[in-house]
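Below, each value reflects all heavy atoms present in this structure, side chains not excepted, and no hydrogens, waters or symmetry copies.
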Amino acid sequence: MSPSSKQTILVTGGCGYIGSHTVLRLLETGYKVVVVDNLSNSSYEALRRVHTLYGLSTGEKDSASPVERLIPFFQVDILDRAGLCKVFETHPEISAVIHFAGRKAVGESGRIPLDYYNVNISGTVNLLQVMDEFHVRRIVFSSSATVYGDPPKIPIPEESPIVASMSPYGRTKVFLEHIIKDLCVASVLKQQQYVKEREEAKEIVERNYEWSAVLLRYFNPAGAHPSGIMGEDPQGIPNNLMPFLAQVAVGNLEKLSVFGDDYPTADGTCIRDYLHVVDLAQGHVAALEKLDQEQAAGTYGCKAYNLGTGTGYSVIDMIKAFNKAVGRELPHVIIGRRPGDVPNLTADPRLANRELNWKAEKSLDEMCADLWRWQRGNPRGYSGASQ
Ligand code: NAD
Ligand code: WQD
């Protein structure tokens with residue numbers, strides 16, 4: 001049994017696409033979870049599916065118990081301070097937070113930037129304040145490859161500048177990385193001062209001020225759980241390539257528009273590093289283990305890691321790969337560039353491979369096959385489920 005077993009992790013945004021896959025992975029690896037989500041971009045049905053999958057994977061008696069027993073759930077907004085306090089009061093055993101909750105549509109963030117700054121920044125600051133109040137000072141934060149803007153070097157190492165993000169959404173991630181880092185730095189100074197004062201007074205040092213954080217910069221998450229019963233369920237017309245293609249395949253949308261074929265790449269379309277969502281979920285378990293190791297060694301801090309495969313594929317590559325999974329050619333048309341897109345975002349994942357002991361394992365074909373299994377079986381996402 002790993003030292004992490006039985007720890008309780010608060011997962012904000014745990015009903016969402018990446019959150020739900022991570023909740024399942026946490027349960028499968030022996031953690032307990034508490035979920036906070038305001039359901040603004042998700043459905044409670046996702047947690048019912050997690051419950052089913054956990055039951056199938058363990059064959060355990062737990063599967064017969066209610067969803068709420070396995071996954072305590074709070075429909076709370078991260079801006080709601082009293083609501084968050086209630087969560088920590090009810091679950092004093094929470095030892096760390098994985099923070100997914102927030103708004104994520106790049107285009108929309110340009111139209112309503114204040115909403116993005118409010119939810120992503122004020123909401124996260126609120127969460128951090130409540131965590132501090134309850135002495136839960138370990139966080140894994142969902143950052144994004146978008147923080148790199150248009151990077152000078154491919155594959156992108158973590159030390160690439162993160163000042164050039166192209167959208168208000170991206171800037172929320174840049175600011176939040178700085179905020180979390182500042183908090184970790186300040187807490188070390190506070191702890192040093194506290195230890196000094198206690199030593200001078202010959203008192204025992206018992207309180208721990210120190211924050212530690214792992215910032216995970218995801219590249220392009222795609223795919224679904226291999227069971228086909230859990231996946232991405234975007235509201236309205238998807239903004240992202242793979243869910244859009246999946247909706248074309250089930251006939252909800254007519255054809256894909258490819259945004260530009262005049263980029264400086266082999267086929268002229270943009271290159272991205274697509275990463276299976278189940279691999280990404282495992283990256284969060286790896287990050288929690290890293291926080292444990294740091295705590296054990298007394299080396300607190302804040303460190304960013306790229307979560308990607310290290311291999312880039314163009315939009316045309318992705319269409320071909322998904323066509324193969326579906327077994328027919330999906331219609332697409334080339335149109336003009338989408339503002340804000342950059343030619344290539346491919347990760348250098350070696351730091352995460354080395355320090356988090358994490359590596360993306362799943363292939364592009366698995367990603368496409370799993371996405372297709374999910375979309376074929378759930379053409380209307382979770383809203384098609386009997387409630
Ligand atoms: P998602 O929208 O599926 O999940 C986010 C969840 O947060 C949803 O369940 C939503 O209901 C909830 N939420 C939103 N605002 C909230 C609020 N104010 N209070 C409480 N809950 C709230 O998105 P996802 O794809 O799972 O992304 C999770 C995180 O990862 C986000 O922070 C996103 O910015 C980041 N990220 C996503 C991608 C991607 O391509 N999916 C890439 C990089 C980073
Ligand atoms: C991939 C490629 C498009 C849709 C975004 C965010 C990033 C992260 C992941 C949250 C690009 C092309 C897309 C379509 C297309 N999310 N495309 N037709 O833009 O790399 O990253 O999602 O953090 O922050 O910026 O992902 O899936 O939107 O696009 O041709 O209908 O597909 O131009 O080249 P992107 P994407």
Under 3.5 Å, sequence neighbours excluded: what are the donor-acceptor pairs made by side chains of residues 97-113?
from	atom 1	to	atom 2	distance (Å)
His99	ND1	Thr12	OG1	2.6
His99	NE2	Thr124	OG1	2.9
Arg103	NH2	Glu108	OE1	3.2
Arg103	NH2	Glu108	OE2	3.4
Glu108	OE1	Tyr116	OH	2.5
Ser109	OG	Val106	O	2.6
Ser109	OG	Tyr169	N	2.9

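Ion pair Asp292/Arg138 flagged as a salt bridge, since at least one NZ, NE, NH1 or NH2 atom sits closer than 4.0 Å to an Asp/Glu carboxylate oxygen. With respect to the salt-bridge test (charged N to carboxylate O, under 4.0 angstrom), the residues Arg217 and Glu177 qualify.
Annotation: salt bridge (charged side-chain N to carboxylate O under 4.0 Å, His left out) contacts of Asp273 (sequence neighbours excluded): none.
With contacts defined as side-chain heavy-atom distances shorter than 4.5 Å, the pair Leu216/Ser142 does not qualify. Side-chain atoms of Val248 and Glu254, non-hydrogen and from C-beta on, never get closer than 4.5 Å to each other. With contacts defined as side-chain heavy-atom distances shorter than 4.5 Å, the pair Leu291/Val140 qualifies. Residues Asp37 and Ser42 have side chains in contact (heavy-atom distance under 4.5 Å, counting atoms from C-beta outward). Within the 4.5 Å cutoff, side-chain heavy atoms of Cys15 are placed close to those of Leu39. At a threshold of 4.5 Å between non-hydrogen side-chain atoms, the residues His276 and Asp370 count as touching. At a threshold of 4.5 Å between non-hydrogen side-chain atoms, the residues Tyr31 and Leu288 count as touching.
Rounding to the nearest 0.5 Å places CZ of Phe322 at 6.0 Å from CH2 of Trp372.
Under the 3.5 Å distance criterion, the side-chain polar atoms of Arg137 are matched with a main-chain donor or acceptor of Asp132. A distance-only check finds no donor-acceptor pair linking the side chain of Asn126 to the backbone of Ser122 [under 3.5 Å].
Heavy-atom minimum distance, Phe244 versus Lys255: CE2-O, 3.3 Å. Arg350 and Asp348 get closest at one heavy-atom pair: NH2-OD2, 2.8 Å.
The aromatic rings of Phe73 and Tyr44 are tilted relative to each other, their planes meeting at an angle between 30° and 60°.
The cationic group of Arg337 lies under 6.0 Å from the six-membered ring centre of Tyr263 and within 45° of the ring axis, placing it in a cation-pi geometry.
Taking the six-membered ring for Trp and the full ring otherwise, the centers of Trp211 and Phe141 sit at least 6.0 Å from each other.
Thr269 and Asp261 form no side-chain donor-acceptor contact under 3.5 Å, judged by distance and modelled atom types alone. Side chains of Ser95 and Gln7: a donor on one and an acceptor on the other come within 3.5 Å.
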